[in-house]
Amino acid sequence: MSSFNHNAEAQHTGMLRFKKRKSRFSYREIQILLEEVRKNRNIVIGKFNRGVSTEVKKRTWAEITARINEVSLCPREIIEVIKKWSDLKCDTKRKVAAMRAGGL
């Protein structure tokens, strides 16, 4: 995936325009993400979602994203919200492992 956005005007001038990076998730956005995943864990979390169709999962993530966008200053896309959830899980697992090892 390239990090730049081709623009007709930019192509004519020989310059490339770069996408502006979105702001970090706010505390409130993360709170809503955690609340919504907790409410919908039987759909969005792997070990609880046996028999749940992909369409239902996509719709649920879209609803979670819509809830986050209600309070967000910059609109989030579904893939960004899923990635944030994945990053939060990874960070938490890393912290738990460090605590077990006596690192914190």
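Below, each value reflects all heavy atoms present in this structure, side chains not excepted, and no hydrogens, waters or symmetry copies.
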Identify, with sequence neighbours excluded, every residue that meets salt bridge (charged side-chain N to carboxylate O under 4.0 Å, His left out) alongside Arg59. none
Please say yes or no: joined through hydrophobic side-chain contacts below 4.5 Å, possibly via intermediate residues, are Val96 and Ile45 part of one cluster? no
From CA spacing to verdict: side chain to side chain contact (heavy atoms under 4.5 Å, CB included), Lys57, Val44: CA-CA 6 Å; Lys57 290 178 202 172; Val44 297; 5.6 Å; no
Calculate, to the nearest 0.5 Å, the distance between atoms OG1 and CG belonging to Thr60 and Asn42 respectively. 8.5 Å
If a pair satisfies side chain to side chain donor-acceptor pair (under 3.5 Å) and one of its residues is in residues 71-87, list it, with sequence neighbours excluded. Lys22-Glu80, Glu29-Ser72, Glu29-Arg76, Lys83-Asp87
Contacts table for residues 31-38: side-chain donor-acceptor under 3.5 angstrom, sequence neighbours left out:
unit_1: Gln31; atom_1: OE1; unit_2: Arg28; atom_2: NH1; d: 3.0
unit_1: Glu36; atom_1: OE2; unit_2: Lys39; atom_2: NZ; d: 3.1
unit_1: Glu36; atom_1: OE2; unit_2: Arg67; atom_2: NE; d: 3.0

Measure the spacing between OG1 of Thr65 and NZ of Lys58 and express it to the nearest 0.5 Å. 13.5 Å
Quick one: CH2 on Trp61 to CD1 on Ile78, what's the gap to the nearest 0.5 Å? 10.5 Å
